[in-house]
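Only one structure is covered here, and it is reproduced in the block below.
Note that these values count all heavy atoms, side chains included, but never hydrogens, waters or copies made by symmetry.
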Amino acid sequence: MIIDRTEVQDINAFSKWESLKDVYEIIWMLIPILTVIVGITIGVLVIVWLEREIAAGLQQRIGPEYAGPFGILQALADGTKLLFKENLLPSRGDTYLFNIGPSIAVISILLSYSVIPFGYHLVLADLNIGVFLWIAISSISPIGLLMSGYGSNNKYSFLGGLRAAAQSISYEIPLTLCVLSISLLSNSSSTVDIVEAQSKYGLWGWNLWRQPIGFIVFLIASLAECERLPFDLPEAEEELVAGYQTEYSGIKFGLFFVASYLNLLVSSFFVIVLYLGGWNLSIPYIFVPELFVKAGGVFGTIISILITLVKTYLFLFIPITTRWTLPRLRMDQLLNLGWKFLLPISLGNLLLTTSSQLLSL
């Protein structure tokens, strides 16, 4: 069988085209993921700057002002400093667990951003179980903290990891019950469907008005999940030196702070999605010009992203100011609040929601 040279050239050109097409598809698939990662990184830097400025205002001091204009590059300077610091390892610790712990804490939280709708159908993965996937993934983070504490071969670090695991288990159940109530109201567990279910009546369609008890429980439980004051028991410096990160240095030490702020940002996003209307402008349509109501294309996407970000950063003032106003709880008080108060209240809220849904059928 004789094959013409032109046929061979056509076959080679076709195979090259197919390989280039595959590479193009891979790059096109990675662009949204990288865009979200870059946006999240910038968002974390903004949160660090905001927290320092708000803390300085509450305590009547100056705050960061030298690194960049208004001190906006201070977090970047701190991260660069940690990147070049020496990475120390405990002499008798478990090196494998010690190294992998911070990575698990960060990666598990980063995966949660895949189900957050940042704008109108602007979401990496619109899953039917979006909100419950977030709860399942976020529950992996305390395992990384526990591994870090155990691998440090330090009793104080290990106690901090145990506290983190106990705190996560205690407050994850009320958090899940509140999310289940929202899913019942919206008839869906998709984050996109939950936002769209709140868009029918503008501001009065928010789940905040239909689930005020659930909102308060969700807020308290999310603060505990983020280990923010008054719930930062895993890193209580008075009795645990510094908590699970005592033996860490350099960039691994910084990863714990990155994980904390990533968790705070993702919790704020979910508060906006579940209770505050998401990307919707939330103003009755009769008061909004037609240009903004039916904005499409790039302009509509930018408007929806801006609305989501404005709502999120306005809400962030609550956990930031809480950190600098309330004292830390004791461990027994934290567990009592979770098991004896929030759990029964969230269960009652779920029963009321279920009853109202059944009566409305």
Side-chain angles (χ1 to χ4, degrees), residues 30-88 99-114 116 118 124 138 141 144-145 148 226-229 232 234-235 237 242-269 272 302 305-306 308-324:
L30 291 176
I31 285 175
I33 299 173
L34 294 175
T35 304
V36 171
I37 291 176
V38 171
I40 292 168
T41 305
I42 296 173
V44 168
L45 295 177
V46 173
I47 292 176
V48 176
W49 178 78
L50 268 179
E51 180 155 37
R52 288 178 168 179
E53 287 292 332
I54 295 171
L58 290 173
Q59 297 175 351
Q60 295 182 348
R61 52 188 177 83
I62 298 174
E65 60 174 351
Y66 294 109
F70 303 105
I72 58 176
L73 298 180
Q74 185 62 52
L76 195 61
D78 292 340
T80 306
K81 179 186 71 173
L82 289 173
L83 189 63
F84 289 101
K85 276 200 167 187
E86 183 181 2
N87 183 26
L88 301 176
N99 289 328
I100 202 174
S103 303
I104 291 178
V106 173
I107 292 172
S108 61
I109 299 171
L110 274 176
L111 290 174
S112 304
Y113 286 87
S114 60
I116 295 176
F118 298 97
L124 288 178
S138 62
S141 180
L145 305 182
S148 301
C226 297
E227 297 171 10
R228 302 282 298 181
L229 269 167
D232 64 337
E235 49 188 72
E237 67 274 5
Y244 46 78
Q245 72 268 38
T246 301
E247 300 294 334
Y248 282 89
S249 62
I251 192 61
K252 292 177 184 175
F253 180 79
L255 283 177
F256 287 116
F257 288 93
V258 171
S260 174
Y261 284 107
L262 283 174
N263 205 2
L264 178 63
L265 185 59
V266 76
S267 298
S268 301
F269 270 122
I272 302 304
I302 292 173
I305 293 173
L306 286 176
T308 304
L309 292 178
V310 168
K311 287 183 179 179
T312 302
Y313 279 96
L314 285 176
F315 176 80
L316 277 169
F317 277 86
I318 296 177
I320 290 175
T321 52
T322 301
R323 175 178 182 180
W324 301 103

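- Here the closest heavy-atom approach between residue Ile109 and residue Ala259 is recorded as CD1-O, 3.3 Å.
- With sequence neighbours excluded, the residues forming a side-chain contact (heavy atoms from CB on, under 4.5 Å) with Ser108 are Ile137, Ile140, Ser141, listed by chain and number.
- The two residues Cys226 and Ser260 make their nearest non-hydrogen contact at O-OG, 4.1 Å.
- Here OG1 of Thr312 is found 9.0 Å from CZ of Phe118. Values are rounded to the nearest 0.5 Å.
- Distance alone, capped at 3.5 Å, places no donor-acceptor pair between the Tyr313 side chain and the Leu50 backbone.
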With side chain to side chain contact (heavy atoms under 4.5 Å, CB included) as the criterion, how do Leu45 and Tyr261 come out once you've worked through the C-alpha distance, each side chain's angles and the decisive distance to 0.1 Å? CA-CA 9 Å; Leu45 295 177; Tyr261 284 107; over 6 Å; no
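- Distance OG/Ser138 to CG/Leu262: 13.0 Å, rounded to 0.5 Å.
- For residues 65-85, every residue pair satisfying the salt bridge (charged side-chain N to carboxylate O under 4.0 Å, His left out) rule, not counting sequence neighbours, is listed here: Arg52-Asp78.
- With rounding to the nearest 0.5 angstrom, the CG atom of Leu264 is 6.5 Å from the CD1 atom of Ile320.
- A donor-acceptor contact shorter than 3.5 Å links the side chain of Trp49 to the backbone of Phe70.
- Between Thr321 and Ile54, the shortest heavy-atom contact is CG2-CG2, 4.0 Å.
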I'd like a table of donor-acceptor pairs (distance under 3.5 Å, sequence neighbours excluded) in which one partner is a side-chain atom from residues 32-44, with atom names and distances.
from  : atom 1 : to    : atom 2 : distance (Å)
Thr35 : OG1    : Ile31 : O      : 2.7
Thr41 : OG1    : Ile37 : O      : 2.8

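- Under the side-chain contact (heavy atoms from CB on, under 4.5 Å) criterion, Ile100 pairs with Tyr96, Ile104, Met147, sequence neighbours left out.
- Taking Asn87 as the reference, nothing meets the side chain to side chain donor-acceptor pair (under 3.5 Å) condition, with sequence neighbours excluded.
- By the side chain to side chain donor-acceptor pair (under 3.5 Å) test, Gln245 pairs with no residue at all, sequence neighbours left out.
- The salt bridge (charged side-chain N to carboxylate O under 4.0 Å, His left out) contacts involving residues 31-40 comprise nothing, where partners must be two or more places apart or lie in separate chains.
- Under the rule for a side chain to side chain donor-acceptor pair (under 3.5 Å), the partners of Gln59 that lie at least two apart in sequence or sit in another chain are Arg61.
- Looking at every heavy atom in both residues, Lys311 comes nearest to Ile272 through O-CD1, 3.5 Å.
- Of the possible polar contacts, none joining the Ser268 side chain to the Leu316 backbone as a donor-acceptor pair under 3.5 Å is found.
- Checked against side-chain contact (heavy atoms from CB on, under 4.5 Å), Ile318 has the following partners two or more places apart in sequence or in another chain: Leu219, Phe315, Thr322.
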Can I get a per-line list of side-chain donor-acceptor pairs under 3.5 Å for residues 248-258, giving both atom names and the distance, sequence neighbours left out?
from   : atom 1 : to     : atom 2 : distance (Å)
Tyr248 : OH     : Phe98  : O      : 2.7
Tyr248 : OH     : Ser148 : OG     : 3.3
Ser249 : OG     : Glu86  : O      : 3.0
Ser249 : OG     : Leu88  : N      : 3.0
Lys252 : NZ     : Asn99  : OD1    : 2.2

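- For Glu51, the salt bridge (charged side-chain N to carboxylate O under 4.0 Å, His left out) partners are Arg228, Arg323, not counting sequence neighbours.
- To the nearest 0.5 angstrom, Trp324 atom CH2 is 9.0 Å from Leu58 atom CG.
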